[in-house]
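We're numbering straight along the sequence, starting at 1. Keep in mind that the numbers below use all heavy atoms, side chains included, and drop hydrogens, waters and symmetry copies.
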Amino acid sequence: MRAEKLLCSHRATIREVMVCIEKNGKGTAFIVDDEGRLSGIVTDGDIRRLLLEGYGLNEPIQDYMKKDFVYASTREKAEEIQKKFNYAVRIVPIVDENGKPVDYGEYNENIHISLAQPQLSGNEYKYLMDAFLSTWISSTGKYLSRFEEGFSAWCGTGYGVATSNGTTALHLALAALGIGTGDEVIVPDLTFAATINAVLYTGAKPVIVDLEEESWCMDPEAAERAVTERTKAVIPVHIYGQPCDMGRLCEMAKRHGLYLIEDCAEAHGAEWNGKKTGTYGIISCFSFFGNKVVTTGEGGMCVTNDKGLYERMRILRDHGMSKERKYYHEVVGFNYRMTNLQAAIGTAQVERIDEILKWRTEVEKMYRQAFQGIKGVILQRDDLKGRKKIAWLVSILVAEDRRDAVLKHLKETGVDARAFFIPLSEMELYSGYAEVCRVSRKISHMGINLPTTWEMDREKIQRIAELVTEAL
Ligand SMILES: Cc1ncc(COP(=O)(O)O)c(C=O)c1O
């Protein structure tokens, strides 16, 4: 009986309960009556308070123990018991049908590790309140230009057009390039659906291609094989923080006269050949969703060095309205504007982006150490020539037939991990646009993304590595 070492008779003195707590190492004693039924709980904090108040060690505990305590019954499920914990209740006695304590539930530090809680402790609140109090809460206000200029400069590009989210950024880029019905656009099989959906919004036909085995990014050879006379653009996606082979993709795009649009949603600050991703595309698109490296809650941005495209995107973002003549529309545009409130958060995030990335790199390093020597776990490569990946989530591969068991084990323990994206080619909605993508399917079925939430530390990471290993 696991509860045994926590039991003390209600006839015990404060001193005897202290000894029990000292020995059991759980910081708690369960006080039982002569029939062995639970009648009270005492924690080491309770004892400390009694002594500070001047009570003697030989006083009887039953006069001072907690009688209105939290407990559970053996009939309750683990999830129900978990709900009973709070900042003060760390141990919950579990009693049988006679009220006798037989076990206890213990608060597990590793429960509730979210996937990617953002870090908002810089000037985010201050700027957000400033924007709020200014009453410029829609899509006009000083933070919009500050954010656009700050983020695009950090990327190393001349112009930024902030959008309502990363999906609208992709659509805006395609629309500004005049891509539409009759055109083809090449996309990778392993990506979030936004990449292909944005192509479909334009009326163009997406053409899905397979990945490189090592980088999990779009395979430049597969992309080249997919080029036809109708191909207008290619959208490499820097998946899970890993930059694509921009050397070969840019060269291929140039040779065939294609527009190259980078999908940088998951790779803020990743580099190819010492230059940031986002600087290679004619337009590059970012997402600032809550789980991204830089976040504005929802949000996105197109960055470019092309002034004409910049101006065109600004018009299309705002219903296609002329900048010279209010309410005069020359093209069918969209409302893809970002609000000043989002931009206020983004402005503060940009101030600390290098610090955020540095910290994420540390988290990834701790994961690499924790998984060192563990057979059956393959970490995303960080040593590919010419590529400097960033730590967005921490991505691993395990055997395909154990992947779901690992995810289940993590979920049951409260760790918010995610399976890789389902390959586009495996979904009925998109499969008509793809050949069989062997590499993408293999990687997708083995892949797990682990948390990089702001609260990560070595202990939590070690625990996650243990949990993964237990389920392999
Ligand atoms: C690769 C990729 N592209 C595009 C997007 C779309 O961004 P958003 O969610 O901001 O619309 C995401 C978002 O999660 C993404 O992961």
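With a 6.0 Å radius and a threshold of 12 heavy atoms from other residues, nucleotides or ligands, R458 has its CZ atom at or below the threshold. Heavy-atom contacts from other residues, nucleotides or ligands closer than 6.0 Å to OH of Y71 number 12 or fewer. Applying the 6.0 Å contact sphere to CD of Q369 captures more than 12 heavy atoms from other residues, nucleotides or ligands. The environment of CH2 in W359 is crowded: more than 12 heavy-atom neighbours from other residues, nucleotides or ligands sit within 6.0 Å. Shown here is R325, whose CZ atom has no more than 12 heavy atoms of other residues, nucleotides or ligands within 6.0 Å. Around NZ of K126, the count of heavy atoms belonging to other residues, nucleotides or ligands within 6.0 Å does not exceed 12. Other residues, nucleotides and ligands contribute only 12 or fewer heavy atoms inside 6.0 Å of the CD atom of E435. Counted within 6.0 Å of NZ on K323, heavy atoms from surrounding residues, nucleotides or ligands total more than 12; the atom is thus considered enclosed.
With salt bridges taken as basic N to acidic carboxylate O contacts below 4.0 Å, none links D401 and R403. Between D318 and R337, at least one side-chain N (NZ, or NE/NH1/NH2) sits under 4.0 Å from a carboxylate O, which counts as a salt bridge. Ion pairing between R387 and E212 holds under the 4.0 Å rule for side-chain N and carboxylate O. E362 and K365 are joined by a salt bridge, as a carboxylate oxygen and a charged side-chain nitrogen come within less than 4.0 angstrom of each other. At a threshold of 4.0 Å, the pair K275-E271 does not count as salt-bridged, since none of the basic side-chain nitrogens sits closer than that to a carboxylate oxygen. Ion pair D382/R368 flagged as a salt bridge, since at least one NZ, NE, NH1 or NH2 atom sits closer than 4.0 Å to an Asp/Glu carboxylate oxygen. A salt bridge links E311 to K307: one of the charged nitrogens lies within less than 4.0 Å of a carboxylate oxygen. Between K411 and D416 no salt bridge is recorded (no basic side-chain N to carboxylate O distance below 4.0 Å). Between R441 and E213 there is no salt bridge, since no side-chain nitrogen of the basic residue lies less than 4.0 Å from a carboxylate oxygen of the acidic one.
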For residues 464-472, dump all side-chain donor-acceptor pairs below 3.5 Å to protein atoms at least two apart in sequence or in another chain.
| residue | atom | partner | partner atom | Å |
| --- | --- | --- | --- | --- |
| E466 | OE1 | R463 | NH1 | 3.2 |
| T469 | OG1 | A465 | O | 2.5 |
| E470 | OE1 | H409 | NE2 | 2.8 |

Quiz: residues 291-305 side-chain donor-acceptor pairs under 3.5 angstrom, not counting sequence neighbours:
| residue | atom | partner | partner atom | Å |
| --- | --- | --- | --- | --- |
| T295 | OG1 | F288 | O | 2.9 |
| T295 | OG1 | F289 | O | 3.0 |
| T295 | OG1 | G290 | N | 3.4 |
| T295 | OG1 | G297 | N | 3.0 |
| T296 | OG1 | E298 | O | 2.8 |
| T304 | OG1 | I282 | O | 2.7 |
| T304 | OG1 | D306 | N | 3.1 |
| N305 | OD1 | G158 | N | 2.7 |

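Under the 3.5 Å distance criterion, the side-chain polar atoms of S138 are left unmatched by any main-chain donor or acceptor of T140.
Ring planes of Y310 and Y159: parallel class, angle under 30° (limits at 30 and 60°). Aromatic ring pairs are classed by plane angle as parallel below 30°, tilted from 30° to 60° and perpendicular above 60°; the pair F147 and F151 is tilted. Ring geometry, H319 versus H329: the interplanar angle exceeds 60°, so the pair is classed perpendicular (tilted spans 30 to 60°). Classification of the F286-H268 ring pair by plane angle, with boundaries at 30° and 60°, yields perpendicular.
Here the closest non-hydrogen pair linking Q117 and T453 is CB-OG1, 2.8 Å. Contact detail for S425 and D189: the closest heavy-atom pair is N-OD1, 2.7 Å.
Between the CE atom of M218 and the CG atom of D245 there is a distance of 11.5 Å, given to the nearest 0.5 Å. Annotation: the span from M321 atom CE to I315 atom CD1 amounts to 10.0 Å, rounded to 0.5 Å. Annotation: the span from D383 atom CG to E214 atom CD amounts to 8.0 Å, rounded to 0.5 Å. A distance of 14.0 Å separates SG of C437 from NZ of K442, quoted to the nearest 0.5 Å. Separating the OH atom in Y280 from the CG atom in L249 is a distance of 11.5 Å, to the nearest 0.5 Å. Between the CD1 atom of I235 and the CD1 atom of I261 there is a distance of 4.5 Å, given to the nearest 0.5 Å.
Two residues are said to be in side-chain contact when any heavy atoms from C-beta on lie closer than 4.5 Å; L341 and Y143 fail this criterion. Residues N273 and M246 fail the side-chain proximity criterion, which asks for heavy atoms closer than 4.5 Å. Between I461 and V363 the shortest side-chain heavy-atom distance falls below 4.5 Å. Side-chain contact between S440 and H445 is absent, with no heavy-atom pair separated by less than 4.5 Å.
Side chains of T339 and Q342: a donor on one and an acceptor on the other come within 3.5 Å. Side-chain atoms of T168 and S164 include a donor-acceptor pair closer than 3.5 Å. A side-chain donor from one of S395 and N449 sits under 3.5 Å from a side-chain acceptor of the other. Side-chain contact annotation: D130 with Y125, donor-acceptor N/O pair under 3.5 Å absent. Side-chain atoms of R146 and T347 include no donor-acceptor pair closer than 3.5 Å. Y127 and E351 are linked by a side-chain donor-acceptor pair at a separation below 3.5 angstrom, with hydrogens and angles left out of the test.
For F420 and W216, the gap between ring centers is short of 6.0 Å.
Here the rule is side-chain contact (heavy atoms from CB on, under 4.5 Å) with V377, and of L397, I396, V406 only I396 fits it.
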